[in-house]
Amino acid sequence: MVNLTIDGKEVKVSKTATIYEAAKEAGVHIPVLCYAKKLLPYGACRVCLVEVEQMKGRLIPSCTTPVTEGMVVTTMTDEIRKVRKTVLEFLLVNHVVECPVCDKGGECDLQDLSYEYEVVSNRFEGEKFDLPTDEINPLIERNMNRCVLCGKCVRVCDEVVGYGSYSFINRGFETKIATAFDRGLNCEFCGQCVSMCPVGAILPRPFKFKARPWQLKEVNSVCGYCGNGCTVTLGTKDNEVQTIRFNDKTGVNDGNLCIRGRFGYSYVNSDKRLTSPLIRKDGDLVEASWEEALRRITDEFRAAGSASGFISGARLTNEEFFLLKNLAKAVGTGNLDHSGGECYKGLTEGLQETLGIKASTATFPQGEKADAILAIRTDFYETHPVFGMVVNQAVRRNEAQLTVIGDKQGKLTRMPHARTLLHKPGLEVNVINAICHVLLDDGLVKTEGLEGLDTFKKALADYSPDAVAAATGVDADAIKQTAKELATAENAAILLAYGLPYTANSKALGLAAANLSLLIGAAGRSGSGLYLCGEKSNSQGAIDLQVLPSEGALGVAEMLSSAAEGKLNALYVVGEDMLVSYPGKTLVEKALDKTGFVVVQDLFLSETARKADVVLPAASFAEKNGTFTNAERRIQRLHAAITSPGEAKTDFAIFQALLSGFGESAPATETEAFTKLAAETAGYEMVSLDMIGDQGYVWGSDILAPETRNLVAVEGGTQLDARFQLVTGSALYHSGTTSLHAKGPMAVVSEPYIEFGREDAAELKVVEGDTVKLKAAGGEIVAKAKVDRRLPKGVLFAPYHFATLGLNRIYSGQTAIAVDVSK
Amino acid sequence: MTETAQQETVEEIDLTAANQVLDKYQDMHGALMPVLQEIQDHYGYIPEETVHLTAERLNVYASQIYGVLTFYAQFHLEPRGKYIVRVCMGTACHVKGAGRIGETLQDRLGIGHAETTDDIKFTAEYVACIGACGMAPVIMVNDATYGSMTVQKMDEVIEKYKAMD
Ligand code: SF4
Ligand code: SF4
Ligand code: SF4
Ligand code: FES
Ligand code: FES
């Protein structure tokens, strides 16, 4: 700690603090333009100049100068005022002042500072910038005539996002911020640059002329898309979400978001939302009253009893899951589940059998301190982009060694010094086994306290690095090197995501990852962790609350096959467009056709809903109160920001009504429901709603210690023998099927595609935009080709989100699909 | 979708030479400047495709490379003529009528400062004093210096180089 005086105040701060940070802590305001908490100190704008007694003779930039013992700082004198005013005058020389029509007006640092320093006239004169605005993409508008060259956009896109869109180009008066070759922006569209720009030079286009900032009501909630669980601050007006506001004070994401969180909100305002219950009459779905719809449902499910089933998506709140479970109980069935292909088995079985827990062991912020990171699958960035940004910061800022086990390249593999263990599809486990083999064979790790070591060792005999190298195509030395690094790292993190497009080998992968984390001691060690992250916003909540089949009852796979055989009389589907998102479309179709009575509860008339007998209009995350538990066990609160359209109701309210129809009492409010569910949920017992503060509440504490330490041998995969193998997964711009109703993500990726690596594209003479057909057992898919540099020879990729592609006609949960390609 | 779409206007360029340069510097830290210089030495300018290739192989952002290329005057992003005609616009030359020399070039070849003829034979460059004020006004064509220029002499020089290939 260091003692210093700021404006006469005695301040004690950490010795790594800058003067600016010290002042901030002491409540002394110093203006800044180019400084941002999350970026490295830069010192370009000179707005933050202060006087330091020990450094007399010149003014000192407070944002870059570290504090020293005994420092005496003055933050405002006549001279400082004059200099700051001069800086502003200079900035305003070329700046085009358009405050009346600039969307930043009212929260623009340049506007505010000019006002504060009374820059009413300018002693300097000069040419105004006259640059064309970049409005090529529909999401982000760049108007460089308003730029103050603070460099924040350049830095955030590099330091945090790792995309590197921008650079300073040219020199002198011509200096400006531009993309490569000064083209229109074409990037991840995460909008971090939008949130960093202190002026109106980078703005969200969908918000253009929608509202002045002070007209917006701000409500903090949790992003409804993925398991990252970012805080989104909804800016609402006229009962519509108008934009997502910057907020780096609440939640786990430091104000960072991905395209889905930042630009994917518009589905909540969509005019395609369901606004009334629908009941099938004479073959058609027609509007009906809630009363009639609920009565129908109660009657049918009462009659079906144990021959009914409940299938949920993983975006309901914990409170809603709790009611859903009670509803299934009231109906008298244990047939309850929440995810297609049971892709969560890595947690519920893999981690359970090894570590005795069913969740990630550490929190996201700890990931930044890891010095060795192993990402299993490069798509981790696509499924959990904002944690991906944490990884980027660990790599760029703290020089963590990142290793990726993947069947393709991607954002992660291109991070500085990243090592890619590029394997043939479906062979992740083989590679992990080989790493374990090296760890044990070379005696790199301590094995005290680990159960099952002997059997495990024996099973690994076949997974020597050389053998695995021969089978997978991964370099044996790279495997050895990775093992060494993981063993010696002070903090190691292992990352693995699961979700609907990643159902193959889910248990095996969970086991393998857990084995590895036990060997290197990553699970349960402070600063290290095993992150097994669910795809959806409340995937972890669904596991915690056990939205799973009860003992002896049917899981989702069995429910579907049972239903397809006509053995289920009633099926309740909530928040999932199974026909599109589940592997094995034919089975889902059959199940829906053969079941006597099907209820679908959703936001939109999805493909699945079109097959239902009763459709109930549900509410989006923006209309809900309750809690989500993210992939690091952080329980966070949602706050309703708008009301639902028409007669749509929250899933909570719908289940309440149905429970009372079954003569059961239901909690009256979400608050009451939380108290009840906490009492019966492992890990939640001691949690009450008021413990869930701005940063949420991590159940099981920041480090969740394993309850058991069992090594469980797991067999690797086998390689598919086919010239072309199709793999599926998530695209960065989408999440599940909901984002297909959101203008932002759709503006960037509006249609399905089949991705080719350059080598295959050249060989097949396929160019970007060609229509290509893939034939596989079970059917064929047709889409436009995209050519990129991610895929190795022989591997093709298609995202799973799009109904129009019909991918699940040929994808039934396998690691890779043998396909024939034709144009 | 992004990276490919960004390369909208890639020229058809033989990348063998660029790859050879990159092979040489691949594992060296801070090799960007020498790589770009050697690429320019070979192609005569920096073709866009080589920027993307360099970005990929050295794992730096294409935007960053573009920043470097536009900061230093020595780099050229457009193909350059076989003959670079540098017209000195320094004070001495200016006084002695460098303006007229520049105009002649513009008139005869249709190129002004930093412009190149369509056949990629000539590129004009207006430069600051090249240290031969005694012979003002001065021009240079590649490495050859021509002093005491007049419109007529300019025509002769142009004709001479036009005749060469
Ligand atoms: S939107 Fe994101 S990726 Fe695109 S330029 Fe801005 S910060 Fe970079
Ligand atoms: S565009 Fe905005 S963030 Fe980027 S340099 Fe200019 S003022 Fe700063
Ligand atoms: S989709 Fe996931 S990563 Fe993106 S903003 Fe939402 S929670 Fe964060
Ligand atoms: S904020 Fe300190 S120099 Fe810009
Ligand atoms: S001014 Fe032209 S050579 Fe010096």
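So you know, we letter chains A, B, ... as the sequences are listed, proteins then strands, and number each from 1.
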**Q** Counting only heavy atoms not in B:Lys96, do more than 12 fall under 6.0 Å of its NZ?
**A** no
**Q** Examine whether an atom of A:Phe181 lies under 4.5 Å from a heavy atom of chain B, and if so say whether it belongs to the side chain, the backbone or both; otherwise answer neither.
**A** both
**Q** If every non-hydrogen atom of A:Ile169 is compared with every non-hydrogen atom of B:Thr70, which pair is closest and at what distance?
**A** CB-OG1, 3.2 Å
**Q** Would you give me the side-chain donor-acceptor pairs under 3.5 Å for residues 20-30 of chain B, sequence neighbours excluded?
**A**
| from | atom 1 | to | atom 2 | distance (Å) |
| --- | --- | --- | --- | --- |
| B:Asp23 | OD1 | B:Arg57 | NH1 | 3.2 |
| B:Asp23 | OD1 | B:Arg57 | NH2 | 2.7 |
| B:Lys24 | NZ | B:Glu38 | OE1 | 2.8 |
| B:Lys24 | NZ | B:Glu38 | OE2 | 3.3 |
| B:Tyr25 | OH | B:Glu38 | OE2 | 2.5 |
| B:Gln26 | OE1 | B:Arg57 | NE | 3.1 |
| B:Gln26 | OE1 | B:Arg57 | NH2 | 2.5 |
| B:Gln26 | NE2 | B:Arg57 | O | 2.6 |

**Q** Do other residues, nucleotides or ligands put more than 12 heavy atoms under 6.0 Å from the CD atom of A:Glu759?
**A** no
**Q** Would you say that more than 12 heavy atoms from the other residues, nucleotides or ligands in this model lie under 6.0 Å from the NZ of B:Lys121, or not?
**A** yes
**Q** Going by the salt bridge (charged side-chain N to carboxylate O under 4.0 Å, His left out) test, name the single residue among A:Arg790, A:Arg758, A:Arg414 that passes it with B:Glu56.
**A** A:Arg758
**Q** What residues of residues 147-158 of chain A make heavy-atom contacts with chain B at a cutoff under 4.5 angstrom?
**A** A:Cys157, A:Asp158
**Q** Could you state the interatomic distance from CZ (B:Phe71) to CD (A:Glu174), rounded to the nearest 0.5 Å?
**A** 13.0 Å
**Q** State the OH-OG1 distance between B:Tyr61 and A:Thr179, to the nearest 0.5 angstrom.
**A** 14.5 Å
**Q** Pick from B:Ile65, B:Asn59, B:Leu69, B:Val51: which one has the most heavy-atom pairs with chain A under 4.5 Å?
**A** B:Asn59
**Q** Identify the two heavy atoms, one from B:Ser63 and one from A:Tyr166, that lie closest to each other, and give their separation to 0.1 Å.
**A** OG-O, 3.2 Å
**Q** With side-chain hydrogen bond (donor to acceptor under 3.5 Å, both in side chains) as the rule and sequence neighbours excluded, what pairs involving residues 73-82 of chain B come up?
**A** B:Gln37-B:Gln74, B:His76-B:Arg80, B:Arg80-B:Glu125
**Q** Search all heavy atoms of A:Arg171 against all heavy atoms of B:Ala73 and return the closest pair with its distance.
**A** NH2-N, 3.8 Å
**Q** Are there more than 12 heavy atoms of other residues, nucleotides or ligands under 6.0 Å from atom NZ of A:Lys823?
**A** yes
**Q** Checking B:Tyr72 now: which residues fulfil ring pair (Phe, Tyr, Trp, His ring centres under 6.0 Å) with it, not counting sequence neighbours?
**A** none
**Q** Check this for me: A:Arg397, atom CZ, are more than 12 non-hydrogen atoms of other residues, nucleotides or ligands nearer than 6.0 Å?
**A** yes
**Q** Looking at A:Asp477, I want to see if its CG is surrounded by more than 12 non-hydrogen atoms of other residues, nucleotides or ligands under 6.0 Å.
**A** yes
